[in-house]
Amino acid sequence: MSMRAPRGTADILPNEVKRWQYVESILKDICDRFNYDEIRTPLFEHTEVFQRGVGDSTDIVQKEMYTFEDRGGRSLTLRPEGTATVVRAFVENKLYGSPIQPVKLFYFMQLFRYERPQQGRMRQLNQFGVEVLGSADPSVDAEVIALAMTCYKELGLSSLKLVLNSLGDKESRQNHRKALVEHFSPYKDELCSDCQKRLNQNPLRILDCKTDRDHPAMKTAPSILDYLNEYSEQYFNQVKAYLDMMEIPYVIDQNLVRGLDYYNHTAFEIMSEAEGFGAITTLAGGGRYNGLTEELGGPNTPGIGFAMGLERLLMAIDAENIKLPIDSSVDCFFIAVGETAEKQASQLVHKLRVNGIQVDKDYQGRKMKAQFKAADRLKAKYVIILGDNELEDDIVNVKNMKTGDQTEVPLTDLVKTMQAELLGGSQNE
RNA sequence: GCGGUCGUGGCGAAGCGGUCAACGCACCGGAUUGUGGCUCCGGCAUUCGUGGGUUCGAUUCCCACCGGUCGCCCCA
């Protein structure tokens, strides 16, 4: 096959789409209760938005962006990440001037990253995320985390781990950075090549390295938590206190460093602990990014958010064997036999449809038996039969597929009868 | 970007140099000329991922590429 979807992309077929729609409806409903409003931003941005917003030293910017030049010579990039585009929109549209503060936003986005695909990692991926701009109150941090956890909980997931850390403010980070460089410099030659680079660029990320995880210097490395200044420490304590009050369990991981440059203070990750989930266990990640608005040309506005991968969310639902309540049945299947009946069927089917009843029919002039099979396949609740016998008496036979009961219904009463049947049927179930 | 593994009909899966290919499921038709989920019979691969090569001959051997999958890096 030569015409294939590009590597790392996937078609989501109707059956699967039903699951997505269900999940999306739950997430939207939660956002509604938390009073977050949806924002939609362009699929691509000026490349600079991500270079400045996400950070030049990050893997995303260095090797994962789909960047292209348009016919006007502009460098554009398919968004690899949500926060930078949302913050750009926040600044550009001066939402910092909105009378309602903070600004609480959610989004569903398709993102693009040039990576080697594997399960739970696609080149085109879907994320649901949330951003709150305009408040530096620790209760907001806790609320955002609570929102994320609520999403998983209401979808029935339970094998989850919330990992929490604080990266501190600028001053704390600088002090910690200095300590890290001093600590690791003597061992530079023993560290992996990535970490040798990180030592200069972003020593914090050495802590997150899997290659050097067992190096003795790791254990004794200075923890950011020991370098938090008073404000940062208090802030972190308050976030934890709010989570405790909401009874949201978490574990502290001093080595949790998020991959993007813009994070400070609260950083968190939600992982799946379900058996057989695969190597990639991160379901969602987020944190605070005070200062990012300035980086993108706006006034200094505090912000915090998270994003969760929807592909991974669906995977986790499967891994925990959760059956989503998806109704794939059709209410009625109309069976017509004979030319006259088939012609009249189209008319009756349309009449039922415009009166709010879900109906499907055969389109291939098949025999009654085959039409019944089709009705079964569609899990039809009722079959409506119109043939020569019925035509003579101006009636139709309505068969309840579950009970097998069949009754004659005058054509003039069909809509009314079906409305009554279907209403009654749903009440019983 | 690196490494392992795999690529046969709509799906699952045999064949592993020599009649262009078992079997199962699904689907279509018939037995049963107006009633489904059972049974029986029949039908259903003119590119065996793509392109080269070896050979008298390749789905079967070799190479490259493409793709899936698992892992590494990193992340959602």
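Fair warning: this is a prediction, and the values are worked out from it, not measured in the lab.
In RNA chain B, runs of at least 3 stacked Watson-Crick or G-U pairs (N1-N3 plus N6-O4 or O6-N4, or N1-O2 plus O6-N3, all under 3.5 Å) give these stems: B:1-7 with B:66-72, B:10-12 with B:23-25, B:27-31 with B:39-43, B:49-53 with B:61-65.
Partners of A/Lys379 under the side-chain hydrogen bond (donor to acceptor under 3.5 Å, both in side chains) rule, at least two apart in sequence or in another chain, are A/Ser328. A/Glu311 meets the side-chain hydrogen bond (donor to acceptor under 3.5 Å, both in side chains) test with A/Asn126; sequence neighbours excluded. Taking the side-chain contact (heavy atoms from CB on, under 4.5 Å) definition, one finds that A/Ser185 meets it with A/Val181, A/Leu199, sequence neighbours left out. Under the rule for a side-chain contact (heavy atoms from CB on, under 4.5 Å), the partners of A/Asn290 that lie at least two apart in sequence or sit in another chain are A/Asn264, A/His265, A/Arg288, A/Pro302. Taking A/Lys28 as the reference, A/Glu38, A/Phe106, A/Phe108 meet the side-chain contact (heavy atoms from CB on, under 4.5 Å) condition, with sequence neighbours excluded. Remark: A/Glu295 pairs with A/Arg52 by the salt bridge (charged side-chain N to carboxylate O under 4.0 Å, His left out) rule, at least two apart or across chains. In this view, A/Glu390 and A/Ile385, A/Leu386, A/Ile395, A/Asn397 satisfy the side-chain contact (heavy atoms from CB on, under 4.5 Å) rule, not counting sequence neighbours.
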N/O to N/O distances under 3.5 Å, protein versus nucleotides 3-7 of chain B:
from : atom 1 : to       : atom 2 : distance (Å)
B/G3 : O6     : A/Arg116 : NH2    : 3.3

For nucleotides 24-28 of chain B, give me every protein contact, N/O to N/O, under 3.5 Å, one pair per line with atom names.
from  : atom 1 : to       : atom 2 : distance (Å)
B/C27 : OP1    : A/Arg377 : NE     : 3.3
B/C28 : OP1    : A/Arg366 : NH1    : 3.0
B/C28 : OP1    : A/Arg377 : NH2    : 3.3

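A/Gln371 places its CD atom 10 Å from the C1' atom of B/U35, with the value rounded to the nearest Å. For the pair A/Phe372 CZ and B/U33 P, the computed distance is 15 Å after rounding to whole Å. Whole-Å rounding puts the A/Ile206 CD1 to B/C73 C1' distance at 16 Å. Atom CE in A/Met368 sits about 12 Å away from atom P in B/U33, given to the nearest Å.
Counting any heavy atom pair closer than 4.0 Å across all strands shown, A/Ala284 reaches sugar-phosphate atoms only and no base atom. In this structure, A/Lys367 reaches the sugar-phosphate backbone alone: every heavy-atom distance under 4.0 Å involves primed, P, OP1 or OP2 atoms, never a base. No engagement by A/Glu311 is indicated, since no non-hydrogen atom pair under 4.0 Å with the nucleic acid exists.
Using a 4.0 Å cut-off, no side-chain N or O of A/Lys369 falls inside it from OP1 or OP2 of B/G29.
With contacts defined as side-chain heavy-atom distances shorter than 4.5 Å, the pair A/Met401/A/Lys381 does not qualify.
Screening residues 314-350 of chain A for ring pair (Phe, Tyr, Trp, His ring centres under 6.0 Å), with sequence neighbours left out, gives no hits. Within the structure, the ring pair (Phe, Tyr, Trp, His ring centres under 6.0 Å) test picks out the following pairs touching residues 179-200 of chain A (sequence neighbours left out): A/Tyr187-A/His215.
Taking atom P in both B/G3 and B/C65, one finds a spacing of 11 Å when rounded to whole Å.
Few gaps surround CG on A/Asp393; more than 12 heavy atoms of other groups in view lie less than 6.0 Å from it.
Side-chain to base pairing of A/Glu269 with B/A76: no donor and acceptor N or O lie closer than 3.5 Å to each other.
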